[in-house]
Participant: 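Have a look at this one before I ask anything.
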Amino acid sequence: MPKTTISRAEAFLVDLEVETERTDAVQAFLKQETVFVELETTDGFVGLGYSYTIGTGGTAVLAMLRDHLLPRLIGADARNVEAIWFDLFASNRATTVGAITSLALASVDTALWDLRCRRADEPLWRLAGGFRRRVPLYDTEGGWLHLTTDQLVAGALASQKAGWPGVKLKVGKPRVHEDLERLSAVRDAVGPALDIMVDANQSMTYAEAKRRAKAFEPLDLSWFEEPMPADDLSGHVRLAESTSIPIAVGESLYSVSQFREYVASGAAGIVQVDVARVGGITPWLKVAHLAETFNLEVCPHFLMEIHVSLTAAVPNGRYVEHIPQLRAITSTEMEIADGHAVAPDEPGLGIDWDRDAIDDRRVS
């Protein structure tokens with residue numbers, strides 16, 4: 001039996017309250033259900049991986065892991081990450097492609113990569129590609145939909161003063177003039193040098209998204225994120241053809257093949273692949289390399305604590321999104337320097353977990 005054989009596989013759920021009020025055009029972020037998987041090999045190496053949901057579904061992910069995925073891991077060689085991912089995926093074809101299964105796969109896959117990096121004594125950013133350590137950072141925390149125009153302006157100016165190159169603002173107010181007034185106030189305050197992104201959170205019809213994109217074009221936006229439901233591929237194709245603003249998609253896509261369809265049809269100008277929702281680091285890297293072949297940049301959604309390393313690993317990684325959400329269960333924070341997120345250089349995923357704090361928040 002190889003020393004790298006998986007001898008223990010455990011899954012558990014941790015609830016995290018949000019650090020600040022967060023609202024968009026379709027929902028409020030009430031809590032983060034964080035699903036952990038811990039794997040141990042026969043020679044004593046331990047890897048800890050995770051995924052998440054925003055408020056609901058965490059127990060379903062946990063049940064998928066405990067009932068179907070984790071039993072298949074015992075006795076497997078932890079080095080064979082691709083083989084394990086494929087076996088778990090293939091063994092649950094009745095629920096793939098789907099959010100619950102992808103989130104469960106991500107918890108396992110990130111744990112396997114944590115093991116891989118620890119065994120190699122290398123940080124994730126290097127073992128996943130090693131392109132660079134520092135990645136530009138943009139702020140979302142100052143751009144939520146419930147904030148007033150004055151608050152949006154203040155948040156953008158604070159980010160600019162701190163040297164951050166970009167901010168993201170939520171859109172989707174009932175009337176187009178409301179969105180336009182808020183965005184215009186921020187652009188007037190920060191000038192032309194700061195990148196401004198907008199995010200509609202899948203709230204619009206094609207006709208409304210096209211109308212708002214036309215209204216937004218004079219503001220020189222860096223991208224228009226999730227304007228329509230993620231399953232409306234043809235709508236995104238038509239919208240991308242009708243506007244000069246890059247269309248950003250990906251946080252609500254759950255497989256490499258879904259990204260292939262968006263990228264190949266010209267519906268995505270920015271690729272926002274989420275490591276938890278796409279099924280882990282293994283498929284995340286495939287999406288990033290797919291985007292590179294189409295000369296597209298990757299700006300992943302949320303999960304900055306792990307995405308800093310993945311974005312740093314690939315040559316087409318452009319931005320990391322700043323939404324801190326793990327500070328209650330970590331001992332240190334992501335390093336920020338001169339407007340850039342700095343990938344951790346310690347072996348493993350680079351997240352300094354506080355195991356006591358995690359244990360205190362376990363859901364029984």
Participant: Think R355 forms a cation-pi with W353, using NZ or CZ under 6.0 Å from the six-ring centre and within 45 degrees of its axis?
Facilitator: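 No, a cation-pi geometry is absent between R355 and W353.
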Participant: Could you check if a side-chain atom of R22 sits within less than 4.5 angstrom of a side-chain atom of I323, using non-hydrogen atoms only?
Facilitator: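 Heavy-atom side-chain distance check passes, below 4.5 Å.
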Participant: Could you tell me if the ring centre of W164 sits under 6.0 Å from that of H322?
Facilitator: yes
Participant: Name the one of L88, T95, N92 that satisfies side chain to side chain contact (heavy atoms under 4.5 Å, CB included) with H68?
Facilitator: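 Among L88, T95, N92, the one meeting side chain to side chain contact (heavy atoms under 4.5 Å, CB included) with H68 is N92.
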Participant: Check the surroundings of atom CG in D188: do more than 12 heavy atoms from other residues, nucleotides or ligands lie under 6.0 Å from it?
Facilitator: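 Yes, because the 6.0 Å sphere around CG of D188 holds more than 12 heavy atoms from other groups.
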Participant: E261 and side chain to side chain contact (heavy atoms under 4.5 Å, CB included): which partner among V237, L233, L253?
Facilitator: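 That would be L233; it is the only one of V237, L233, L253 passing the side chain to side chain contact (heavy atoms under 4.5 Å, CB included) with E261.
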Participant: Measure from NZ or CZ of R238 to the centre of the six-membered ring of Y206 and say whether it is under 6.0 Å with the direction within 45° of the ring axis.
Facilitator: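 Yes, cation above the ring, under 6.0 Å and within 45°.
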Participant: Go through the side-chain N and O atoms of S252 and Q202 and say whether any donor and acceptor fall under 3.5 Å apart.
Facilitator: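 Side-chain D/A pair, S252 to Q202: present.
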Participant: Give a yes or no on whether F294 atom CZ has more than 12 heavy-atom contacts from other residues, nucleotides or ligands under 6.0 Å away.
Facilitator: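 It does: F294 CZ has more than 12 such atoms within range.
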Participant: Taking the six-membered ring for Trp, are F36 and F12 parallel (under 30°), tilted (30 to 60°) or perpendicular (over 60°)?
Facilitator: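 Correct class here is parallel.
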Participant: Apply salt bridge (charged side-chain N to carboxylate O under 4.0 Å, His left out) to the pair R72 and D87, showing each step before the final yes or no.
Facilitator: CA-CA 9 Å; R72 300 184 70 87; D87 175 71; 2.9 Å; yes
Participant: What distance separates R119 CZ from R79 CZ, expressed to the nearest 0.5 Å?
Facilitator: 7.5 Å
Participant: Any chance you could lay out the salt bridge (charged side-chain N to carboxylate O under 4.0 Å, His left out) test for E208 and R212, step after step, and finish with the verdict?
Facilitator: CA-CA 6 Å; E208 186 62 25; R212 298 215 184 191; 2.6 Å; yes
Participant: Within the structure provided, determine whether K170 and N201 are in side-chain contact (heavy-atom separation under 4.5 Å).
Facilitator: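 In contact.
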